[in-house]
Participant: 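Quick one: the structure is below, questions incoming.
Order of appearance sets the numbers: ligands from 1, and atoms from 1 within every ligand.
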Amino acid sequence: MDSLYRATRIDGKVFAAGLVERIADEVAQIRAKTGKIPGLAVVLVGDDPASAIYVNSKQRETLAAGMESFSFRLPATVRQSDLMTLLERLNNDRRVNGILVQLPLPAHLDTRAVINAIDPDKDVDGFHVINAGRLFTGQSSLIPCTPLGCLMLLKDRIDDLTGMKAVVIGKSNIVGKPMAQLLMAENCTVTVAHIKTRNIAELCRTADIVVVAAGSPGLVRGEWIKTGAYVIDVGINRVEREGRSRIVGDVAFEECGHAAAITPVPGGVGPMTIACLLENTLTAWRWQNEPRPLTNDND
Ligand code: NAD
């Protein structure tokens, strides 16, 4: 290991807490100035326990930031048309600035149609095809929370990402693809790797930034990481180790001491996701109440 580098652990919990504090301050200022507060509506369909936990923590954090939280719990058997009617109502409700439908939805519902029924300017998950298109074309958009959080963590460490070589492992619509777009907008040279990519290790070894969102525990080994590179581990994997159930990432964290900085799992990217949901709700409020900026792109 190069003794010049001892990887810094990027503490996503601390960063996210600071971000939520800043958001809460801004919400308080909006309230003082306008008498209004940004509102987030969360829709949960069915009774999946993991989804219920996510939704509860999203609501708790929304309230903690001083925002209004609207909660809708629908039975797993809900008809698509009834869900669409609810979304239409929320789209037209001026107290609701952000709308989130917790995924996954039961199989009988058309997830793509549901997401695209949300007003794009209230789509705080950034999954609507219009927001994906805006991001792709460098227009200001609501950006999926997890990649937005990853970018914030990187920009906290790196003043200017221009010209850096980035490898993103994973090409899902919610993490990999938007992550690649965000890094490109920062003028990185981006390679996207996925399950069918050959020689991922070699690609990674040349990268200044590696973002891993594969859902494959310990996929990225220390020897894949260049000395002084930045490593962002998005993976959340439940594994059994020494008779205990543990959450681990996609990167062999303990092998990456020669990186410049690395996110742990848990405590890295995870806490940023909810903080960025609140950030997006605030952004949505601004765009519904003030002129919106034209571009995300840094060209
Ligand atoms: P996904 O299953 O939709 O996509 C996974 C991607 O990784 C695919 O493009 C696939 O080709 C690629 N991949 C899988 N195994 C691979 C391998 N062995 N080598 C190379 N590429 C491989 O998953 P997702 O929704 O993008 O999530 C990815 C991971 O991130 C999961 O572990 C998920 O739990 C986690 N996640 C975390 C957060 C968070 O808040 N921290 C949010 C979303 C997702």
Side-chain angles (χ1 to χ4, degrees), residues 9-17 19-20 42 48-51 53-58 60-61 100-105 111-112 115 124-127 132 135 142-154 166-183 190-205 207 210-221 223-225 231-240 245-253 262-280:
R9 184 178 171 277
I10 300 176
D11 194 330
K13 243 183 177 170
V14 167
F15 192 97
L19 179 58
V20 171
V42 178
D48 175 59
S51 292
I53 291 171
Y54 284 133
V55 161
N56 286 339
S57 51
K58 284 168 186 174
R60 206 175 41 243
E61 293 282 326
L100 177 150
V101 178
Q102 184 65 39
L103 302 180
L105 290 172
T111 301
R112 207 172 283 264
I115 290 170
V124 283
D125 258 338
F127 296 162
L135 179 60
L142 290 165
I143 295 164
C145 303
T146 301
L148 178 60
C150 295
L151 184 69
M152 285 183 185
L153 293 178
L154 283 170
V167 169
V168 177
I169 304 181
K171 62 173 176 75
S172 70
N173 290 334
I174 65 168
V175 191
K177 283 184 201 161
M179 188 72 238
Q181 291 297 335
L182 288 173
L183 290 166
V190 184
T191 304
V192 179
H194 48 78
I195 191 84
K196 304 284 185 194
T197 302
R198 289 190 284 267
N199 300 330
I200 294 194
E202 270 169 47
L203 285 174
C204 286
R205 272 185 209 116
V210 179
V211 181
V212 196
S216 176
L219 169 70
V220 174
R221 310 306 307 253
E223 58 178 16
W224 296 21
I225 300 299
V231 183
I232 303 289
D233 189 352
V234 182
I236 300 178
N237 309 290
R238 188 170 287 283
V239 295
E240 294 298 322
S245 174
R246 292 180 50 198
I247 300 289
V248 300
D250 288 347
V251 180
F253 181 86
I262 179 167
T263 55
V265 178
V269 174
M272 291 299 292
T273 299
I274 293 185
C276 286
L277 175 66
L278 303 181
E279 172 80 2
N280 277 351

Participant: Roughly how far apart are Glu61 CD and Leu277 CG, rounded to 0.5 Å?
Facilitator: 9.5 Å

Participant: Within this structure, what is the OH-CD distance for the pair Tyr54 and Gln102, rounded to the nearest 0.5 Å?
Facilitator: 8.0 Å

Participant: Given Cys276, Ala214, Cys145, which one has a non-hydrogen atom that is nearest to atom 5 (C) of ligand 1?
Facilitator: Ala214

Participant: I need the contact type for Asp250 against ligand 1. Using non-hydrogen atoms and a strict under-4.0 Å cut-off, is it side chain, backbone, both or neither?
Facilitator: neither

Participant: Regarding ligand 1, does Ser172 bring an N or O atom to under 3.5 Å of one of the ligand's N or O atoms?
Facilitator: yes

Participant: Write out the residue and atom name of the closest protein heavy atom to atom 34 (O) of ligand 1, then the distance separating them to 0.1 Å.
Facilitator: Ile236 O, 3.5 Å

Participant: To which protein heavy atom is atom 22 (C) of ligand 1 closest, and what is the distance rounded to 0.1 Å?
Facilitator: Ile195 N, 3.6 Å

Participant: Which atoms from ligand 1 have a heavy atom of Ile169 less than 4.0 Å away?
Facilitator: 20 (C), 21 (N)

Participant: Closer than 4.0 angstrom: is that true for some heavy atom of Ala213 and an atom of ligand 1?
Facilitator: yes

Participant: Below 4.0 Å from any atom of ligand 1, is there a heavy atom belonging to Gly235?
Facilitator: yes

Participant: Applying a 4.0 Å heavy-atom criterion (strictly less than), which segment of Leu219 is in contact with ligand 1: side chain, backbone, both, or neither?
Facilitator: side chain

Participant: Please report which non-hydrogen protein atom sits nearest to atom 31 (C) of ligand 1, along with the residue it belongs to and the distance in Å to one decimal place.
Facilitator: Gly215 CA, 3.7 Å

Participant: Mark up the atoms of ligand 1 that fall under 4.0 Å of a heavy atom belonging to Val269, in ascending order.
Facilitator: 41 (N)

Participant: Closest by any non-hydrogen atom to atom 27 (O) of ligand 1: pick that one out of Leu103, Ile232, Val175.
Facilitator: Val175

Participant: To the closest 0.5 Å, what do you measure between CG (Asp250) and CD1 (Ile169)?
Facilitator: 8.0 Å

Participant: When you compare the side chain of Ser216 with that of Asn237, does any pair of heavy atoms fall below 4.5 Å?
Facilitator: no

Participant: Among Thr146, Val265, Val234, which one has a heavy atom closest to atom 37 (C) of ligand 1?
Facilitator: Val234

Participant: Which atoms of ligand 1 are found less than 4.0 Å from any heavy atom of Thr273?
Facilitator: 39 (C), 40 (O)

Participant: Report, in ascending order of atom number, the atoms of ligand 1 lying under 4.0 Å from any heavy atom of Gly170.
Facilitator: 6 (C), 7 (O), 9 (O), 12 (C)

Participant: Looking at atom 18 (N) of ligand 1, is any protein heavy atom nearer than 4.0 Å to it?
Facilitator: yes

Participant: Do you know which two heavy atoms are closest between Gly12 and Pro271, and how far apart they sit?
Facilitator: O-CB, 3.9 Å

Participant: Between the candidates Lys171, Met179, His194, Lys177, which shows the shortest non-hydrogen contact distance to atom 21 (N) of ligand 1?
Facilitator: His194

Participant: Got the closest protein heavy atom to atom 25 (O) of ligand 1, with its distance?
Facilitator: Ile174 CD1, 3.5 Å

